Amino acid sequence: MTKTIVANWKMNGSPNFIEEFIPPLLSALSTTQHKIIICPPFPFILPVRNALKSTPALLGAQNCHTDVKGAFTGEVSAQMLADIGCKAVIVGHSERRTLFGESDELINTKISAIHAAGMRAIVCVGENMRMRESGKAIETVIQQLKATLPPSSNPKNTFIAYEPIWAIGTGVTPLPEEIIEMHLALFEALKNTTPLLYGGSVTDQNSAEILVLPHVDGVLVGGASLKADVFQKIIG
Ligand code: PEP
């Protein structure tokens with residue numbers, strides 16, 4: 001079954017890395033049944049786009065500003081990303097919430113900007129370990145969902161990525177039943193078919209079993225998306 005697999009390179013990569021990464025990626029893309037979205041850092045979006053132009057893989061970014069243009073030194077607008085061929089933007093990632101102080105309100109405005117630019121928002125939500133241990137994981141995540149999604153959101157312009165903070169980059173993943181429970185809660189809260197991705201320590205060792213869980217429409221892959229051989233196995 002076709003799923004969506006998003007690669008979040010975070011602040012990693014270099015011209016040499018891209019040169020080595022692209023050939024095995026091209027060969028994996030020629031056989032995969034899945035939809036692939038690669039999200040490199042800003043400077044590498046164009047070279048990766050050019051390298052993948054004869055493939056069905058899509059390009060995404062990892063952040064954007066809320067405004068279309070103006071005096072915002074150092075920022076990049078959603079429209080600029082759309083203009084250079086991006087089809088999606090990751091937004092609400094826990095690293096941006098924690099390290100850059102992004103609030104639900106800001107994320108909501110960014111998602112509106114992404115939609116206005118004609119792209120898909122990959123909206124990350126997820127609880128920390130304290131919330132999970134106190135039995136408030138679902139409540140926390142549904143609250144984030146409600147606070148961040150603007151009225152423009154629909155199943156065609158949005159993905160929701162459930163990323164438990166304690167699973168990101170730790171090698172620890174939730175139990176299958178925990179993923180099932182959260183994705184069901186998201187599905188019920190959304191009341192529509194917005195695709196639901198799981199993210200957090202996805203590797204070639206666990207992706208196949210995660211991808212078959214109910215209401216899992218794909219995965220968001222961080223660290224493992226930077227290892228050509230591992231990513232090749234994930235996208236199958
Ligand atoms: C992420 O940062 O979105 C992520 C899922 O990271 P990792 O796969 O490395 O846990």
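Just follow the structure's listing: the first ligand is 1, and inside any ligand the first atom is 1. Predicted model, so just to flag it, every value in this text is computed and none were measured.
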Give the atoms of ligand 1, by number and element, whose distance to some non-hydrogen atom of Lys10 is under 4.0 Å. 1 (C), 2 (O), 6 (O)

Look at the side-chain heavy atoms of Ile, Leu, Val, Met, Phe, Trp and Tyr, link any pair under 4.5 Å apart, and say whether Ile114 and Leu145 land in one connected group. yes

Pairs of nitrogen or oxygen atoms closer than 3.5 Å, one from Ser201 and one from ligand 1: do any exist? yes

Show the atoms of ligand 1 that are less than 4.0 angstrom away from any heavy atom in Leu220. 3 (O), 5 (C)

Given Ile18, Leu46, Leu59, the one that forms side chain to side chain contact (heavy atoms under 4.5 Å, CB included) with Pro40: Leu59

Short N/O distance, under 3.5 Å, between Gly223 and ligand 1? yes

Please confirm whether the backbone N or O of Ile37 pairs with a side-chain atom of Lys87, one donor and one acceptor, at under 3.5 Å? no

Show the nearest heavy-atom pair for residues Ala78 and Cys64, with the distance to one decimal. N-CB, 3.9 Å

Quick one: nearest non-hydrogen protein atom to atom 8 (O) of ligand 1, plus distance? Gly222 N, 2.8 Å

Mind checking whether Gly169 has an N or O less than 3.5 Å away from an N or O of ligand 1? yes

Would you mind listing which atoms of ligand 1 come within a distance below 4.0 Å of any non-hydrogen atom of Asn8? 1 (C), 2 (O), 3 (O)

Quick test: of every protein heavy atom, which one is nearest to atom 5 (C) of ligand 1, and how far off is it to 0.1 Å? Glu163 OE2, 3.0 Å

The complete set of side chain to side chain donor-acceptor pair (under 3.5 Å) pairs with one or both residues in residues 154-166, sequence neighbours excluded, reads His93-Glu163, His115-Asn157, His115-Thr158, Glu127-Tyr162, Glu127-Trp166, Arg132-Tyr162

Do Tyr198 and Thr173 make a side-chain contact, defined as non-hydrogen atoms from C-beta onward lying under 4.5 Å apart? yes

heavy-atom search around atom 1 (C) of ligand 1 in the protein gives His93 NE2, 3.1 Å

With sequence neighbours excluded, give me every side chain to side chain donor-acceptor pair (under 3.5 Å) pair touching residues 4-18. Lys10-Glu95

Hey, is Ala167 one of the residues with a heavy atom under 4.0 angstrom from ligand 1? yes

Gly200 near ligand 1 by a heavy-atom separation under 4.0 Å: yes

Looking only at atom types and distance, does a side-chain atom of Gln144 sit under 3.5 Å from a main-chain N or O of Gly126, one as donor and one as acceptor? yes

